[in-house]
Structure formats: C-alpha cells, structure tokens
Amino acid sequence: MSNIHFNEEKGSELKLFTPGPVYIPERILEELAKPNDTHRSQPYEEMHKKVKEGLQELLYTDNECLIFTSSATGVMEACVRNLIKKDEKGLFLSIGAFGDRWHNIGEKNGKNAVKRGVEWGKALKPELIKEFLEEDDYAVICLQANETSTGVYNPIDEIIPIIKDSGALVCVDATSSMAGVKTEIDKLGIDVCLASVQKCFALPPGLALASISEDAFEKAKDVENRGHYFDFVYFQKKSAANQTPTTPPIPQIRALTSQLDYILNQEGLEERFTRHTQLGKRTRIWARDMNLEMFSESGYESNTVSTMKNSLNLDYAKMVKQMLSKGYRIVNGYGSLANETFRIGHMGEISIKELEKMLEILTDIISGLRLDKLD
Ligand SMILES: Cc1ncc(COP(=O)(O)O)c(C=O)c1O
C-alpha cells in the first residue's frame, strides 16, 4: 500500500500527527522547487537578511540569529563546544531523553558535564533549580523548553531568571516549541535558543536555527577547540554579511523565508500560539474522555506534543499500525517509553478541524482494540 511503502511517484500521502518531521503544506513544497542564485550572491544575502529579521520578530529578540546546515543536535553540540571552557562546569538539566542527550554530548566532547533532573514526566520547578545552583558553580546551563519524549513544557519563564541570577550562560533547546509557543528571548535573557525546522516551522528537515546573545559570542572567543563547522565566532562574522560559512541548503532557506512571512504576516504570531494552545487542550480533553492518563505532570503539559500513558493496557504497536492503514501516522513513546506511552504531535500547520478528524478515527480504533481484548 502506498502509505506504508516508499511512493516514488507521488511522495508520502500520510497525514502526520508526529512530533517532527511534520506535514508540509503545498505552498512550502512549491517554494522548495523554485530556482535560486548561489549562496555568495546578492539575492541570497537579501533572503538571508529576511530570515534573520523574521526570526528576531518571532523570538522577540535583537540577538543575532544564525542558520545552520544541520539538525538541532548539531547546535546542541555547538553550544557545548563554543561555550564551556576546559576548567569550567556545564550543568545539563534533564527531564527526559533530549536532556539526557545534551548531557551525553557534553561528556562525549570531554567537557565537565554535570546532569541534574527530575523523574520523567515531571517539570523543573524554581525551588529545585535553586537547590541545584547552590551545589556548585556552573558556567553554562542547558535545558529543554519542551521535552518531546515526555510531552512536558518546562516553566522557563519562572526558572530562567533564577538561572541568569547565578551568572551562568543559559542555552535553551526549543526544538519542538519554537514557532509554536511564545518564547520571549530578550525578556528572559536566553543566551542561546535553538531549534530545527522540521517541527513547529513545518519545513522539511535539514536546517537548524539559533539566536545567540552578545555575551555568548564574547565567551566563545575565549574558548579553545571550538571546532570549525559550528564555530560561533566564524558564524557571527559571516552572518554580519548575511551569509553562512559553508554552502547552506538554499531552497530550504527560501522556504523558511516564505514560512516566516506566513507566520508573521498572514496567520499572525498570537493566532499561531493560540492555535497551538487549543490543539494541546483539545488533545488533553480527548485523552481524559478516553480514560487515557497523561504522562506529563498536570499543569506542565506541552501544547505541541501530547504523551499518553498506556492506562487502557492496549497494544500500542497495533494501534499505530491501524492508524497507518487509515492514512495517519502517530507514534509510540520515545526510547525507553516506547511501550509505555504513545504520542500525538500537534504542531506546525495542523488545524483544530484536522485534529478532530484524526481523533475520531483514533477513537474508533481504540474501541476496536478494547473489544478485541474482551474475546
Ligand atoms: C527537544 C528536542 N531536542 C532535540 C531534538 C533533536 O533534533 P534533531 O533531530 O533536529 O537533531 C529533538 C528531536 O526530536 C527534540 O524534540
């Protein structure tokens, strides 16, 4: 069947309710197909400038916004390499799989990487952050805004000011919330805020974005062995000329220019954030009506991805397969949560109406699986 095999002729016809990569609108696919000049040309520089300005508006920041040819993980590694000196400590606040990954990247790069966190499903709270900060001096502190594995959104508006008071640089992984959830970079004083574009931006994978503060650029200048490909200092120099250090995926950047224009000038920022809030709420109401307990702590649920426990003791692998046969992809839990949870991604361009339609089909499939269990 075309939905489950590589469709050479038409491409995928699946409706993706995944936490990325997500469904790409036709207008974006058309942008990707347009021809471009080279990355060392005036048309490219004009386009690059538009992206930088668009990102600054989206992120409520005057910080320089950089474009990387990588996925988000590349920029997570860049933070570690550019900002933590040999004799310094980095604190990695983990609430799930991606927090663990960042700490692991710190260790693999030979940095003095300390991990602190909470039980998966829970969020970081101000009191706990204060306790962690009392334990030691940290030069850089890294955390997720939205932890995609557990479906938890950390209260960053409350905890980042506390972290900033410690004098550390703060790096925020907003991979699965940037362009879906409001993040006011300058108000909070976030030094690096990063994401890849295959999630709330609704673009194909291959690009990552980050806002970088002056303090972070200054710090990077003093850090040895920053590497070459992700050197913030080199990026800053090229970015001032509206360029990237190496050849970027130019069609992707064209599509991003168009998507930023759509987000800022057609849908509108507040409207986009509100739509994501409604998508989150609607999914949680559905879960409650189905007697499916949320994995995420009450009050800290993500509005871009919902993670549900297996409260009905269903065969989630079968459920995901049956959804595929109906033309929808949802996903089971991430990593160690694979059989314990399943996830519905509701980010990017999904409308409430599309979500409702998918949930109706999922409800029928779950009813069938419950009936099967009675046999
Ligand atoms: C919170 C978070 N951080 C980092 C990543 C890694 O992103 P990428 O695959 O773009 O490197 C993901 C991917 O799902 C994510 O959800």
Side-chain angles (χ1 to χ4, degrees), residues 16-24 66-81 92-106 108-109 115 117-118 120-124 141-156 159-160 170-181 183 190 192-211 229-230 248-249 252-253 255-256 276 280 295-296 300-307 329-338 341-348:
L16 301 177
F17 282 78
T18 47
V22 301
Y23 154 81
I24 317 287
L66 303 181
I67 304 174
F68 298 87
T69 305
S70 77
S71 69
T73 309
V75 189
M76 290 162 83
E77 179 149 358
C79 290
V80 164
R81 296 198 62 146
F92 296 81
L93 296 168
S94 176
I95 63 164
F98 293 102
D100 282 3
R101 179 186 290 189
W102 215 348
H103 171 248
N104 194 244
I105 292 171
K108 279 184 169 166
N109 278 281
K115 185 171 83 167
V118 289
W120 286 24
K122 303 266 186 284
L124 295 164
I141 300 183
C142 300
L143 73 158
Q144 271 59 41
N146 196 65
E147 176 50 74
T148 324
S149 60
T150 59
V152 170
Y153 192 83
N154 270 322
I156 59 167
I159 60 183
I160 287 179
V170 61
C171 303
V172 175
D173 167 10
T175 299
S176 53
S177 56
M178 190 187 285
V181 180
T183 311
I190 298 174
V192 178
C193 187
L194 68 97
S196 39
V197 297
Q198 73 274 16
K199 298 184 189 276
C200 302
F201 283 95
L203 295 178
L207 262 192
L209 311 163
S211 69
Y229 195 68
F230 289 108
Q252 285 266 48
I253 297 173
L256 176 59
H276 280 86
F295 185 76
S296 39
Y300 299 91
E301 299 97 336
S302 162
N303 282 326
T304 56
V305 56
S306 295
T307 304
R329 186 178 289 284
I330 56 171
V331 287
N332 54 359
Y334 189 92
S336 58
L337 297 175
T341 61
F342 81 98
R343 294 176 298 160
I344 296 175
H346 31 76
M347 55 177 80

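All of these numbers come straight from a predicted model, not from anything done at the bench. Atoms within a ligand are numbered from 1 in the order they appear, just like the ligands themselves.
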Item checked: Criterion side-chain contact (heavy atoms from CB on, under 4.5 Å) on R343 and T148, from CA distance to verdict -> CA-CA 9 Å; R343 294 176 298 160; T148 324; 4.1 Å; yes
Margin query: With side chain to side chain contact (heavy atoms under 4.5 Å, CB included) as the test, pick out the partner of L124 among V152, I156, I95.
Written below: I95
Between the protein and ligand 1, which nitrogen or oxygen pairs come in under 3.5 Å, and how far apart is each?
from     : atom 1 : to   : atom 2 : distance (Å)
ligand 1 : 3 (N)  : D173 : OD1    : 3.4
ligand 1 : 3 (N)  : D173 : OD2    : 2.6
ligand 1 : 10 (O) : A72  : N      : 3.0
ligand 1 : 10 (O) : S196 : OG     : 2.8
ligand 1 : 10 (O) : Q198 : NE2    : 2.9
ligand 1 : 11 (O) : S71  : OG     : 2.5
ligand 1 : 11 (O) : A72  : N      : 3.2
ligand 1 : 11 (O) : T73  : N      : 2.8
ligand 1 : 11 (O) : T73  : OG1    : 2.5
ligand 1 : 14 (O) : K199 : NZ     : 2.7
ligand 1 : 16 (O) : T148 : OG1    : 2.4

Note to self: How close do L337 and S149 get, counting heavy atoms only, and between which atoms?
What the structure shows: CD1-O, 3.6 Å
Check: Do any N or O atoms from the side chain of D100 and from the backbone of S94 form a donor-acceptor pair under 3.5 angstrom?
Finding: no
Check: Quick one: which of V331, I344, N146, T18 gives a side chain to side chain contact (heavy atoms under 4.5 Å, CB included) with V305?
Finding: N146
Check: Hey, which of I105, D173, L194 is the one that makes side chain to side chain contact (heavy atoms under 4.5 Å, CB included) with T73?
Finding: I105
